[in-house]
Student: 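Quick one: this structure, given as structure tokens, is what I'll be asking you about.
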Amino acid sequence: MNSNGTEDLRVQKTITAIDQAFEELILTTDYEKITVAELARRARINKKIFYRYYPTKDDLLAELQTSLSQDYLALTKDLVYPRDLAKSITYFFNFSAK
């Protein structure tokens, strides 16, 4: 549930905290070992609050993947292949590093 700016400020802050906690964990921990309890602890929320926004951690992952995919596709939408293949590779690595 990415925040679109129309939610209550508390909702926005909660979703941002969950997203940030998940991004930190996914960089340092195998996905299978990430628990909702640890996500909630890092986001400084109750587990019940997590479940208010995401039925499972898989739903959170799917949302993150969708968001990243959309951001990358928006970045590369004007590229023409095969002419811009080298540029697309550069975009990919810069996007991944970010």
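None of these values were measured; they are calculated from a predicted model.
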Student: Of the non-hydrogen atoms in Ala21 and Ala43, which two are nearest, and what is the gap between them?
Tutor: CB-N, 3.9 Å

Student: Could you check whether any side-chain N or O of Asp30 sits under 3.5 Å from a backbone N or O of Glu32, counting only pairs where one atom can act as donor and the other as acceptor?
Tutor: no

Student: For the residue pair Leu25 and Lys33, establish whether any side-chain heavy-atom pair is separated by less than 4.5 Å.
Tutor: no

Student: Mind checking whether Leu39 and Tyr54 have side chains closer than 4.5 Å, heavy atoms only?
Tutor: no

Student: When you measure from the centre of the six-membered ring of Tyr31, is the NZ or CZ of Lys57 under 6.0 Å away and within 45° of the axis?
Tutor: yes

Student: In Å and rounded to the nearest 0.5 Å, what is the CZ to CD1 distance from Arg10 to Ile49?
Tutor: 10.5 Å

Student: Taking all non-hydrogen atoms of both residues, which atom of Tyr81 and which atom of Leu79 are closest, and how far apart?
Tutor: OH-CD1, 3.8 Å

Student: Could you tell me if the side chain of Lys13 sits less than 4.5 Å from the side chain of Thr16, heavy atoms only?
Tutor: no

Student: Hey, are the side chains of Asp19 and Leu64 touching, using non-hydrogen atoms and a 4.5 Å cut-off?
Tutor: no

Student: Could you give the distance from CD (Glu38) to CZ (Phe22), rounded to the nearest 0.5 Å?
Tutor: 12.5 Å

Student: Same cluster for Leu85 and Leu73 if Ile/Leu/Val/Met/Phe/Trp/Tyr side chains link at under 4.5 Å?
Tutor: no

Student: Could you give the distance from OG (Ser88) to CZ (Phe93), rounded to the nearest 0.5 Å?
Tutor: 10.0 Å

Student: Working to the nearest 0.5 angstrom, can you tell me the gap between Thr76 OG1 and Phe92 CZ?
Tutor: 11.0 Å

Student: Of Thr29, Leu60, Thr28, Leu61, which is the lone residue that meets side-chain contact (heavy atoms from CB on, under 4.5 Å) with Ile34?
Tutor: Thr29

Student: Could you state the interatomic distance from CZ (Phe50) to OG1 (Thr14), rounded to the nearest 0.5 Å?
Tutor: 12.5 Å

Student: Evaluate whether atom CZ of Phe95 has more than 12 neighbouring non-hydrogen atoms of other residues, nucleotides or ligands under 6.0 angstrom away.
Tutor: yes

Student: Linking I/L/V/M/F/W/Y whenever any side-chain heavy atoms sit under 4.5 Å apart, do Ile89 and Leu75 land together?
Tutor: yes

Student: Look up atom CD1 in Ile18 and atom CZ in Arg44, then write down how far apart they are to the nearest 0.5 Å.
Tutor: 14.5 Å

